[in-house]
Protein chains: 2
Amino acid sequence: MESTRDRILFAALELFGEKGYLSTSIADILKAAGANAGSLYHFFPTKQDLLISVLETYRDGIYPMLLAPAWEGVDDPIEKVFALLGRYRAMLEMTDCLYGCPIGSVALELHEPDPPVRELLAVNFSGWAGHVRDCLDAASGRLPADIDRGKLATFVLAVMEGGVMQSRTHRTLETFDASVEMLRDHFNRLQADARS
Amino acid sequence: MESTRDRILFAALELFGEKGYLSTSIADILKAAGANAGSLYHFFPTKQDLLISVLETYRDGIYPMLLAPAWEGVDDPIEKVFALLGRYRAMLEMTDCLYGCPIGSVALELHEPDPPVRELLAVNFSGWAGHVRDCLDAASGRLPADIDRGKLATFVLAVMEGGVMQSRTHRTLETFDASVEMLRDHFNRLQADARS
DNA sequence: GGATCGCTTGAACGTCCATTCAAGTCATGC
DNA sequence: GCATGACTTGAATGGACGTTCAAGCGATCC
């Protein structure tokens with residue numbers, strides 16, 4: 001049995017991802033969760049507090065909800081990076097290029113977020129990039145020694161977010177695929193250069 | 001002498017870039033433009049029509065307002081690409097990583113934009129990437145022959161948008177710089193591989 | 001000098017939305 | 001069986017926002 005608090009939290013998580021934070025009204029969330037205003041405000045003093053809990057849920061879910069399923073049966077650390085990108089592709093495909101990365105959406109729709117919100121967005125980005133970096137570290141022998149793997153992980157995240165943004169705008173997977181293909185080309189060259 | 005229509009249009013252009021479309025109220029625009037509601041609605045039947053005009057202004061301004069100044073004194077076509085990225089860096093730096101790319105912001109904050117809006121966002125992306133592609137074509141002799149320069153331009157745009165997004169969120173230029181540095185590394189390898 | 005038309009004025013309107021609150025339910029501990 | 005405190009109910013509130021409109025201004029044309 002799911003608690004009222006959880007129904008509200010997950011309804012918000014879904015709606016913030018689908019329609020964005022600003023465009024989602026409290027009434028939307030209440031209807032989706034089957035709850036009343038008083039219950040919501042009992043658990044979450046303001047809409048922003050609800051957003052914070054949603055962002056914490058995303059943060060805590062990066063591994064179990066996103067990476068673990070993406071990496072099932074994938075051992076090669078570099079393939080793990082591309083399997084992760086494949087998850088975003090699948091999400092775009094399933095939703096006709098409507099939903100991409102919820103963190104990226106909120107990050108750009110709130111232009112001057114209050115510090116706790118901004119920090120949680122940053123933490124989500126750092127967590128994602130940190131896991132990619134771990135993959136790159138695990139593959140360090142196959143990459144040029146002088147390459148900064150932290151920066152490379154940041155780069156991977158940038159490509160993902162920028163690819164998702166373009167695909168959502170053009171409503172085609174083409175731009176996302178093109179970005180990932182170019183990233184793959186870069187990794188091929190990095191590995192070739194590491195060998196020689 | 002600037003017409004009232006233009007004052008409203010440019011006030012909107014600036015505010016949409018600074019605070020986003022949804023977070024900018026008509027009252028904000030009126031105050032910034034020193035105009036009255038009736039005047040605004042005389043020229044722009046709805047807020048969305050105003051957004052459309054703003055996006056058309058951006059589209060028409062890509063070359064004269066963005067590329068021309070970025071490319072002053074830069075002849076090498078590959079350096080032009082990085083000079084363009086340098087403009088975004090300068091914008092981030094000037095605003096303490098608050099304002100990035102207005103098109104990207106609006107693209108992510110409107111989750112299901114009406115078709116005319118979505119198409120204008122797409123046109124802005126295509127225009128930007130098209131100019132980058134022209135640079136790459138001009139440098140085609142220095143790049144591997146089998147590389148798809150259209151996809152590479154899309155990739156550059158993705159890196160820019162993803163880098164801007166992370167820098168705005170972390171409030172540091174570090175992530176943007178890291179992304180551009182990795183892109184530069186990729187271009188170096190592309191050119192080295194084209195030579196051999 | 002009067003009619004026309006593009007533009008301006010700014011108060012008013014209606015809707016939506018985040019938030020509040022007084023009253024109620026129900027399990028737990030005493 | 002009563003008191004307590006956690007949670008629920010849903011109507012009410014007040015403010016913000018996009019939009020409307022009746023009235024006015026001033027230049028141009030006849």
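The chains referred to below are lettered A, B, ... by the order of the sequence lines, with proteins before strands, and numbering in each begins at 1.
In this model, the phosphate group of C/dC16 is not approached by any side-chain N or O of A/Ser25 to a distance below 4.0 Å at OP1 or OP2.
Heavy-atom distances to DNA chain C give each of A/Ser23 and A/Ala37 a nearest nucleotide, and the one nearer the 5′ end belongs to A/Ser23.
Among all heavy-atom pairs drawn from A/Arg168 and B/Leu108, the shortest one is NH1-CD2, 3.9 Å.
Classification of B/Arg118 and B/Asp114 as a salt-bridged pair fails, no side-chain N sitting under 4.0 Å from a carboxylate O. We find that B/Arg171 and B/Glu93 are not joined by a salt bridge, their nearest charged nitrogen and carboxylate oxygen being 4.0 Å or further apart.
Listed in residue order, the members of residues 109-117 of chain B having a heavy atom less than 4.0 Å from DNA chain C come to none. Shown for residues 8-22 of chain A: no residue has heavy atoms falling under 4.0 angstrom of DNA chain C. Proximity of residues 38-51 of chain A to DNA chain C (heavy atom under 4.0 angstrom from any strand atom) is restricted to A/Gly38, A/Tyr41, A/Thr46, A/Lys47.
Rounding to whole angstrom units, CZ of residue B/Arg5 and C1' of C/dT8 are separated by 16 Å. Distance CZ (B/Arg7) to P (C/dC7): 13 Å, rounded to an integer number of Å.
Side-chain atoms of A/Thr154 do not come within 3.5 Å of backbone N or O of B/Ala178 as any donor-acceptor pair. Of the possible polar contacts, one joining the A/His131 side chain to the A/Gly127 backbone as a donor-acceptor pair under 3.5 Å is found. No donor-acceptor distance shorter than 3.5 angstrom exists from the side chain of A/Thr169 to the backbone of B/Ala107, with no hydrogens or angles considered. A donor-acceptor contact shorter than 3.5 Å is absent between the side chain of B/Asp137 and the backbone of B/Asp134.
With A/Phe82 as the aromatic partner, A/Arg184 meets the cation-pi criteria of under 6.0 angstrom to the ring centre and within 45 degrees of the ring axis. Both cation-pi conditions hold for A/Lys47 and A/Tyr21: the charged atom is under 6.0 angstrom from the six-membered ring centre and inside a 45 degree cone around its axis.
You'll find that the side chain of B/Asn36 is closest to C/dT8, out of C/dT8, C/dA18, D/dT8.
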| task | Take B/Leu183 and B/Phe155 through the test side-chain contact (heavy atoms from CB on, under 4.5 Å) and record every step on the way to the result. | result | CA-CA 9 Å; B/Leu183 186 67; B/Phe155 184 64; 3.7 Å; yes
| request: Given salt bridge (Lys or Arg N to Asp or Glu O under 4.0 Å), test B/Asp193 with B/Arg189 step by step and report yes or no. | output: CA-CA 6 Å; B/Asp193 291 352; B/Arg189 285 174 211 276; over 6 Å; no
